[in-house]
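Note sheet for the following structure.
Since the structure is predicted, the reported quantities are computational estimates derived from the model, not experimental observations. Residues take their numbers from the sequence shown, with the count starting at 1.
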Amino acid sequence: LFMTDDSYTVRELTTGTRDEPSITWKAALAFGAKLDEKTRLDPRWINFEGKPEATFPFCTAKTVLNETAPHFLRDHAVIVGGAPGIAGTALGDDLFNTPYNRFDTRGVRMSGPELQANALANLLRGNWLTRSTHHFDVLMVVVAGILAGAGLARARPVRAFVGALA
């Protein structure tokens, strides 16, 4: 289950409820991830591994049953899911926006199984995104202000004015 915003974009790495860890969290633990139960409900954001349909290998059930060599699946996490739209839109669309489609003119969205793969990869690698501290944010604003002020002070008045507007 993924939390989406108003534009149906998935950003948050959901790790379950107070009472029950998510299946992705449990799978990561089963694969040996070093996760701390005390911090499970801390806010995390998905660090997407890449663009939709280009990050994780995938194949159809027919390919797995008829053509895939057993070593292809051995010692790998396998996430099973249907092709988006296979059950019809009445049951919900299993395609989600990600930060990648903001600038992608093709409008390719990410499927539910691929989102699960990203979430699992983040938990296994420990490379999810977290919010910076308030002190760090303030420091960055101050440093940016000092750098901008110093740069504008060195420029000629017309260029400084144009730079300030930009």
Side-chain angles (χ1 to χ4, degrees), residues 1-140:
L1 181 65
F2 292 105
M3 304 298 290
T4 60
D5 61 16
D6 293 340
S7 64
Y8 213 58
T9 302
V10 176
R11 292 183 174 90
E12 189 175 343
L13 177 56
T14 310
T15 56
T17 65
R18 194 173 339 116
D19 300 323
E20 186 70 22
S22 69
I23 192 71
T24 310
W25 181 273
K26 290 178 180 181
L29 288 173
F31 277 106
K34 294 180 181 10
L35 300 171
D36 185 5
E37 180 63 29
K38 291 180 229 162
T39 63
R40 180 172 58 84
L41 296 177
D42 290 355
R44 294 175 172 85
W45 288 270
I46 296 175
N47 184 8
F48 289 95
E49 301 287 321
K51 294 182 177 184
E53 299 179 349
T55 307
F56 298 99
F58 62 92
C59 59
T60 65
K62 178 182 175 184
T63 304
V64 170
L65 294 173
N66 298 331
E67 303 166 18
T68 303
H71 70 275
F72 178 75
L73 301 175
R74 186 174 297 126
D75 298 326
H76 288 83
V78 177
I79 297 173
V80 179
I86 198 168
T89 56
L91 296 176
D93 195 7
D94 197 25
L95 289 171
F96 300 87
N97 292 322
T98 67
Y100 279 103
N101 18 0
R102 174 176 283 175
F103 303 109
D104 187 354
T105 56
R106 298 176 303 136
V108 177
R109 298 186 298 160
M110 191 171 279
S111 68
E114 194 168 5
L115 276 171
Q116 290 288 354
N118 273 283
L120 181 58
N122 283 188
L123 291 173
L124 289 171
R125 296 177 184 148
N127 68 341
W128 57 81
L129 304 175
T130 58
R131 174 101 170 119
S132 57
T133 65
H134 176 71
H135 296 301
F136 182 78
D137 292 348
V138 170
L139 177 66
M140 289 292 99

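In terms of heavy-atom proximity, L41 sits nearest to G16 at CD2-O, 3.7 Å. The minimum heavy-atom distance linking A28 with L35 is given by the pair CB-CD1, 3.8 Å. Contact record, W128 with W45: CB-O, 3.6 Å, taken as the closest heavy-atom pair. Residues A33 and L29 come closest through the heavy atom pair O-CD2, 3.8 Å.
Contact annotation: the side chain of V10 never approaches that of M110 to less than 4.5 Å [non-hydrogen atoms, C-beta and beyond]. Using a 4.5 Å heavy-atom cutoff, the side chains of N118 and F56 are in contact. For the pair L115 and F48, the minimum side-chain heavy-atom distance is below 4.5 Å. Taking the side chain as every heavy atom from C-beta outward, R40 and P21 approach each other to under 4.5 Å. Annotation: side chain of D137 is in contact with side chain of R131 (closest heavy-atom distance under 4.5 Å).
Note that OG1 of T15 and NZ of K26 are 12.5 Å apart. Values are rounded to the nearest 0.5 Å. Atom CD in Q116 sits 6.0 Å away from atom CD1 in I79 (nearest 0.5 Å). With rounding to the nearest 0.5 angstrom, the CG atom of D42 is 11.5 Å from the CG atom of L13. Atom CG of N127 sits about 11.5 Å away from atom CZ of R44, to the nearest 0.5 Å. Annotation: the span from N47 atom CG to N122 atom CG amounts to 5.5 Å, rounded to 0.5 Å.
Remark: E114 does not engage R109 in a salt bridge, criterion side-chain N to carboxylate O under 4.0 Å.
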